[in-house]
Amino acid sequence: MAVKKESKGKGKRVPTGIPGFDELVQGGFPINSSVLVVGGPGTGKSIFSMNYLVNGAKDFGEKGLYVTFEQRDDALREQAKQFGWDLESLEKKGTLRILAVPVHKLTKNTIKEVQEIVKKSGIKRLVIDSLSTLVVNAPIYTSSSNMAIEDVVGENIVFSPPIVGDYIVKRFIYNFIEELRELDCTTVLIGEAAQSGEFISRDSISEFACDGIIMINFESLGGAYSRSIIVRKMRETKNDEDIHPLEIGKNGIVVHNVQN
């Protein structure tokens, strides 16, 4: 059963269906929000995100779209099988779609194409894997003819190309996430964690632009759980602020209570 239609707008929730997670965010993601899932390599970001889509398709009757710029579609299907997820069956039913776009085929029209699929197919759950890849390629989405120098620096300031590049990246992230909010879907964006310093994400901007931030960490401590998850922020939500053990089990992601 999908999210109740009568609770429109503010307060309406999109449950992930991931055991132990939804109670951390008052029942699910705020509808039509953009949520950044950030972590290092191998932490389980992609599994968490696919779990969100699979549960949406199977348990809530909501169509999902997984857009990847980093993996092949057949590789995603194979990975899903270890959790008992039959993606091909969901694809045949029209409740799940995988769009794999190799980096060398990214163009200035790629984002528009994704938006059109969301609108035409009635997608309610969207995953972008990854925002980090899009950021690296941000200049291809920005035409120099559409960018006034005054937007970057003042008239009398001498600037270097890196300053312009930084502006392009920042403008791209804010514009992209704002455009996602115009779509009638709830989006998870996968991002790489910052290596060090004061920022959460490697791009240093998406954490401010997104409505929510979920951090997944991996640290081998010799205990039962090597991964942990924390909700750093979730707008319109009184979210749990504790660090919780995260397990990648045989059926997907499981978030455990800190007292367990």
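- Note that CD of Q71 is 8.0 Å distant from CE of M50, once rounded to the nearest 0.5 Å.
- When all heavy atoms of I177 and C210 are compared, the closest pair comes out as CD1-SG, 3.5 Å.
- In this structure F83 satisfies the ring pair (Phe, Tyr, Trp, His ring centres under 6.0 Å) test together with W85, sequence neighbours excluded.
- V37 places a side-chain heavy atom less than 4.5 Å from the side chain of I216.
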Are K233 and D211 close enough, and set up right, to give a salt bridge (Lys or Arg N to Asp or Glu O under 4.0 Å), and what steps lead you there? CA-CA 8 Å; K233 82 170 182 180; D211 301 304; over 6 Å; no

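- Using a distance-only test at 3.5 Å, with no hydrogens or angles considered, a donor-acceptor pair links the side chain of N51 to the main chain of I253.
- Without hydrogens or angle criteria, D203 side chain to S206 main chain gives a donor-acceptor distance under 3.5 Å.
- Separating the CG atom in L126 from the OH atom in Y66 is a distance of 11.0 Å, to the nearest 0.5 Å.
- We find the CD-OG distance between E247 and S228 to be 13.5 Å, quoted to the nearest 0.5 Å.
- Applying the salt bridge (Lys or Arg N to Asp or Glu O under 4.0 Å) criterion to R72, with sequence neighbours excluded, gives D74.
- Following chains of ILVMFWY side-chain contacts shorter than 4.5 Å, one cannot reach I47 starting from V254, and the two form parts of different hydrophobic clusters.
- Here E23 pairs with nothing under the salt bridge (Lys or Arg N to Asp or Glu O under 4.0 Å) rule; sequence neighbours left out.
- Note that CE of M215 and OG of S201 are 9.5 Å apart. Values are rounded to the nearest 0.5 Å.
- Here the side chains of V103 and N137 are in contact, with some heavy-atom distance below 4.5 Å.
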Working for side-chain contact (heavy atoms from CB on, under 4.5 Å), residues D184 and N32: CA-CA 6 Å; D184 186 18; N32 296 347; 3.4 Å; yes

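- Under the 4.5 Å side-chain criterion, counting only non-hydrogen atoms from C-beta, I213 is not in contact with V35.
- No donor-acceptor distance shorter than 3.5 angstrom exists from the side chain of E62 to the backbone of K124, with no hydrogens or angles considered.
- Defined by atom type and a distance below 3.5 Å, a donor-acceptor pair is present between the side-chain atoms of T237 and R13.
- The ring pair (Phe, Tyr, Trp, His ring centres under 6.0 Å) check on F48 picks up F21, with sequence neighbours excluded.
- Side-chain atoms of E70 and T133 form a donor-acceptor pair, as typed in the model, at a separation below 3.5 Å.
- For D129 (side chain) and T68 (main-chain N/O), no donor-acceptor pair under 3.5 Å exists by modelled atom type.
- Among residues two or more places apart in sequence or in another chain, the salt bridge (Lys or Arg N to Asp or Glu O under 4.0 Å) test is passed with E192 by K45.
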Side-chain donor-acceptor pairs under 3.5 Å in residues 114-121, sequence neighbours left out?
unit_1, atom_1, unit_2, atom_2, d
Q115, NE2, E179, OE1, 3.0
S121, OG, I117, O, 3.2

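- Here the side chain of E91 pairs no donor or acceptor atom with the backbone of L96 at under 3.5 angstrom.
- Nearest approach of R125 to Y52, heavy atoms of both residues: NH1-O, 3.1 Å.
- By the 4.5 Å heavy-atom criterion applied to side chains, N239 and L24 are not counted as neighbours.
- Atom-to-atom distance recorded for L53:CG and I123:CD1 is 9.0 Å, nearest 0.5 angstrom.
- Here the shortest heavy-atom pairing between S33 and P30 reads OG-O, 2.5 Å.
- In terms of modelled atom types and a separation under 3.5 Å, the side chain of D22 and the main chain of T16 share a donor-acceptor contact.
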Between F208 and Y174, is the ring pair (Phe, Tyr, Trp, His ring centres under 6.0 Å) condition met? List the steps. CA-CA 9 Å; F208 300 103; Y174 276 108; 8.3 Å; no

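- L189 and I230 fall within a single hydrophobic cluster, where Ile, Leu, Val, Met, Phe, Trp and Tyr are joined by side-chain heavy atoms under 4.5 Å apart, directly or via other members.
- The backbone N or O of L90 lies less than 3.5 Å from a partner atom in the side chain of T95, making a donor-acceptor pair.
- Side-chain contact check for S226 versus E219: every heavy-atom pair is 4.5 Å or farther apart.
- When the shell of 6.0 Å around CG of L99 is examined, it contains more than 12 heavy atoms from other residues, nucleotides or ligands.
- A distance-only check finds a donor-acceptor pair linking the side chain of R227 to the backbone of G42 [under 3.5 Å].
- H244 places a side-chain N or O within 3.5 Å of a backbone atom of H256 that can act as its donor or acceptor partner.
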Begin from the C-alpha positions of L134 and S132 and carry the test side-chain contact (heavy atoms from CB on, under 4.5 Å) through to its verdict. CA-CA 5 Å; L134 285 180; S132 302; over 6 Å; no

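- Criterion: ILVMFWY side-chain heavy atoms under 4.5 Å apart, direct or through other members. Under it, I190 and L76 are part of a common hydrophobic cluster.
- Atom NZ of K58 has 12 or fewer neighbouring heavy atoms from other residues, nucleotides or ligands inside a 6.0 Å radius.
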Should I214 and V38 be marked as a side-chain contact (heavy atoms from CB on, under 4.5 Å) after you check the CA-CA gap, both sets of side-chain angles, and the distance that decides it? CA-CA 6 Å; I214 298 168; V38 66; over 6 Å; no

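- No more than 12 heavy atoms of other residues, nucleotides or ligands sit less than 6.0 Å from atom CZ of R232.
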Between D240 and V231, does the side-chain contact (heavy atoms from CB on, under 4.5 Å) criterion hold? Intermediate values first, please. CA-CA 7 Å; D240 187 301; V231 181; 6.0 Å; no

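- N251 contributes atom CG, which lies 12.5 Å from atom CD1 of I18 (distance to the nearest 0.5 angstrom).
- Residues V54 and L87 have side chains in contact (heavy-atom distance under 4.5 Å, counting atoms from C-beta outward).
- Between F176 and L131 there is a side-chain heavy-atom pair separated by less than 4.5 Å.
- Side-chain contact between P15 and F60 is present, with heavy atoms from C-beta onward closer than 4.5 Å.
- Follow the hydrophobic side-chain contacts under 4.5 Å out from I248 and you never reach F218; the two are in separate clusters.
- L183 and L36 fall within the same hydrophobic cluster, defined by Ile, Leu, Val, Met, Phe, Trp and Tyr side-chain heavy atoms under 4.5 Å apart, directly or through other members.
- Between A209 and S34 the shortest heavy-atom distance is O-OG, 4.4 Å.
- One finds no salt bridge joining R77 and D86 here, because no Lys/Arg side-chain nitrogen approaches an Asp/Glu carboxylate oxygen to under 4.0 Å.
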